[in-house]
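Treat the numbers as computed from the prediction; the structure is a model and nothing was measured.
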Amino acid sequence: MSLQDTKETRKLIMDTAGKIITCRAAIAWAANSLSIEKVQVEPPKAGEVRIKMTSSGICSSDDHLLKGLSPVNFPLIPGHEGAGIVESIGKGVRSVKPGDKVLTLPIPQCRECSSCLHPKGNFCEKRDILPSSGLMLDGTSRFTCKGEKIYHSFGTSTFSEYTVVHEIAVAKIDDAAPMDKICVISCAVPTGYGAAVHSAKVTPGSTCVIFGLGGVGLAIVMGCKASGAARIIGVDINEEKFPWARALGVTDCLNPQNLKKPVQEVVMEMTGVGVDFAFEAIGLPETMTAAWDCCHLSYGVCVIVGWAPQNSQLSLDATKVITGRTLKGVALGGYKTRDCVPQLVTDYLRNKINIGPLITHQLPFEQLHKAFELYHAGKTIRCVLLF
Ligand code: APR
Ligand code: ZN
């Protein structure tokens, strides 16, 4: 059934509201063990929203969880970069109604916690990452499979035909949004574009380096370009990413594996003094240090966007911290998600941001394994799963 067809959607909403829905979802039973199963999805409780998914991107953070690189409870339903249509709402939900187009938000905005109340904070205390419980805020799950409790992930679990999400982790978006593409504005776009435009505030004429040219790295490139950066250096070990990067505005591509010196030394030589802005979008301590070492000693800004494995440590030359460089981390571009993500969708619809180049593949949900194979082979920027 086409979800663009509102009549069909409304009928389906009337048929299912208040009932348990049985549908297909991907379940990770343990690390590296993913299969598509029939699951039962409970109706939303107070403050919750049940969503019929239309599309979900595959992000490296999903892969990170699936490989067991961070502590989570299995079995779980992965996925966080999702777009869908509200099927039903729980008591007290006011910001969305059945039939609304929405994006799921891996970082919610509760508007009550210390992060949400601070003008600059966005890492909401009601999130379910770092640390992750895999449960809704009331300590229970909305999913079961073969009688067994299935955990949520990122508070979103978008690799499912239906999911239940807290209202604080749902953004209502413009009715004109194309639901087969817009999911990337739930994670890759705010994470990358926002890191450059909103967090680093890249300046016109500046020199930037980006480590990692995946979906997030290329969204950073888009943000640097939109901010008027004059030189954008892209670093990746997979040269298949270079044509995509150049098309978006990367001026110099470096493969560290083909260099005779450490990449930071090469960047220093290329720029003479170091870069104005360095971004790490891989999630490895080594590349974080390299990004820091690329920065101009007195005014360079290094922004960490990548998610490092559990218990990894970052080691910096302590004598050179005093020189004036800035090191900062940022999640989802530092945006207060419910306030800002709908605006990014509107900016896209007004041709201010172009998400097209980030989506290299679209596959039906049942081809999830093929989508992960393409991702692991380094052939995709974003592969979007269609429900
Ligand atoms: N040096 C350079 N490039 C590397 C290295 C390395 N040692 N290791 C991996 N890469 C490249 C990969 O070839 C790939 O192109 O980094 C890129 C990462 O891209 P994706 O796997 O598509 O990841 P993406 O979804 O873009 O996320 C990047 O941002 O938000 C975080 O959790 C996310 O840590 C992840 C990072
Ligand atoms: Zn909050």
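Counted within 6.0 Å of NZ on K201, heavy atoms from surrounding residues, nucleotides or ligands total more than 12; the atom is thus considered enclosed.
Proximity of L103 to V345: side-chain heavy atoms (C-beta onward) are separated by under 4.5 Å at one or more points. Residues V93 and P44 form no side-chain contact, since every pair of their non-hydrogen atoms from C-beta on lies 4.5 Å or further apart. Between I232 and I210, some side-chain heavy-atom pair lies under the 4.5 Å cut-off. Using a 4.5 Å cut-off on side-chain heavy atoms (C-beta onward), T287 and T289 make no contact. S157 places none of its side-chain heavy atoms less than 4.5 Å from the side chain of L76. By the 4.5 Å heavy-atom criterion applied to side chains, K181 and Y348 are counted as neighbours. The shortest distance between side-chain heavy atoms of T203 and S227 does not fall below 4.5 Å. Residues D236 and N255 fail the side-chain proximity criterion, which asks for heavy atoms closer than 4.5 Å.
The backbone N or O of Y151 lies less than 3.5 Å from no partner atom in the side chain of S141, so there is not a single donor-acceptor pair. Looking only at distances, no side-chain donor or acceptor of N122 sits under 3.5 Å from a matching main-chain atom of T337. At least one donor-acceptor pair closer than 3.5 Å links the side chain of T163 to the backbone N or O of T156. Looking at S160, its side chain does come within 3.5 Å of a backbone N or O of Y162 through a donor-acceptor pair. Side-chain atoms of D100 come within 3.5 Å of backbone atoms of K97 as a donor-acceptor pair (strictly under, hydrogens ignored). The backbone N or O of G90 lies less than 3.5 Å from no partner atom in the side chain of E48, so there is not a single donor-acceptor pair. Under the 3.5 Å distance criterion, the side-chain polar atoms of R382 are left unmatched by any main-chain donor or acceptor of V384. Remark: side-chain polar atoms of T323 are paired, donor with acceptor, to backbone N or O of L297 under 3.5 angstrom. Although no hydrogens or angles enter the test, the distance criterion places a donor-acceptor pair under 3.5 Å between the side chain of R50 and the main chain of V41. A donor-acceptor pair is defined here as one N or O able to donate and one able to accept, closer than 3.5 Å; no such pair exists between the side chain of S206 and the backbone of V202.
In this model, no donor atom of one side chain and acceptor atom of the other lie less than 3.5 Å apart for S70 and Q310. One side chain, E87 or T16, offers a donor N or O that lies under 3.5 Å from an acceptor on the other. Looking at S56 and E81, their side chains never bring a donor and an acceptor atom within 3.5 Å of each other.
Applying the salt bridge (Lys or Arg N to Asp or Glu O under 4.0 Å) rule to pairs touching residues 276-299 yields nothing, sequence neighbours excluded. Annotation: ring pair (Phe, Tyr, Trp, His ring centres under 6.0 Å) contacts involving residues 51-72, sequence neighbours excluded, comprise H64-W307. Residue pairs meeting the ring pair (Phe, Tyr, Trp, His ring centres under 6.0 Å) criterion with at least one partner in residues 75-133, sequence neighbours excluded, are H80-F154. Evaluation of the ring pair (Phe, Tyr, Trp, His ring centres under 6.0 Å) test over residues 195-229, restricted to residues two or more places apart or in two chains, returns H198-Y335.
The residues E240 and K379 are annotated as salt-bridged, a charged nitrogen and a carboxylate oxygen being separated by less than 4.0 angstrom. Salt bridge K146/E37: present, at least one basic N to carboxylate O contact under 4.0 Å. Taking a cutoff of 4.0 Å between a charged side-chain nitrogen and a carboxylate oxygen, R24 and E161 qualify as a salt bridge. Using a cut-off of 4.0 Å between Lys/Arg side-chain N and Asp/Glu carboxylate O, K101 and D175 are scored as not salt-bridged.
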**Prompt:** Given the rule in the salt bridge (charged side-chain N to carboxylate O under 4.0 Å, His left out) test, do E167 and R94 qualify, once you have shown the distances and angles that lead to the verdict?
**Reply:** CA-CA 8 Å; E167 178 185 17; R94 290 211 196 93; over 6 Å; no
**Prompt:** Checking side chain to side chain contact (heavy atoms under 4.5 Å, CB included) for the pair D252/M270: CA distance, chi angles, key distance, verdict?
**Reply:** CA-CA 10 Å; D252 311 77; M270 285 167 73; 3.6 Å; yes
**Request:** Determine, step by step, whether E148 and W29 satisfy the side-chain hydrogen bond (donor to acceptor under 3.5 Å, both in side chains) criterion, reporting the C-alpha distance in whole Å, the side-chain angles of both residues, the deciding distance to 0.1 Å, and the verdict.
**Result:** CA-CA 11 Å; E148 188 177 346; W29 295 100; over 6 Å; no
**Asked** Do V267 and L254 pass the side chain to side chain contact (heavy atoms under 4.5 Å, CB included) test, and can you show the C-alpha distance, the side-chain angles, and the key distance before you say yes or no?
**Response** CA-CA 9 Å; V267 171; L254 298 176; 3.9 Å; yes
**Prompt:** Going through the checks in order, is the side-chain hydrogen bond (donor to acceptor under 3.5 Å, both in side chains) test met by S55 and D180?
**Reply:** CA-CA 6 Å; S55 62; D180 58 338; over 6 Å; no
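L117 forms part of no hydrophobic cluster, judged by ILVMFWY side-chain heavy-atom separations under 4.5 Å. Connectivity analysis of hydrophobic side chains (ILVMFWY, heavy atoms under 4.5 Å, direct or indirect) links I168 to L137.
For the atom pair N73 CG and S153 OG, the distance stands at 11.5 Å (nearest 0.5 Å). Rounding to the nearest 0.5 Å places CH2 of W244 at 5.0 Å from CD1 of I381. The distance from atom NZ of K225 to atom CG of L218, rounded to the nearest 0.5 Å, is 14.0 Å. Here I220 contributes atom CD1 and T191 contributes atom OG1; the two are 9.0 Å apart, rounded to the nearest 0.5 Å. In this structure, the separation between NZ on K149 and CZ on R142 is 10.5 Å, given to the nearest 0.5 Å. Rounding to the nearest 0.5 angstrom, the gap separating the NE2 atom in H369 from the CG atom in L374 is 13.0 Å.
Note: H376 and F372 have tilted aromatic rings, judged against thresholds of 30 and 60 degrees for the angle between ring planes.
The one candidate from L34, V72, L65 that meets the side-chain contact (heavy atoms from CB on, under 4.5 Å) condition with P78 is L34.
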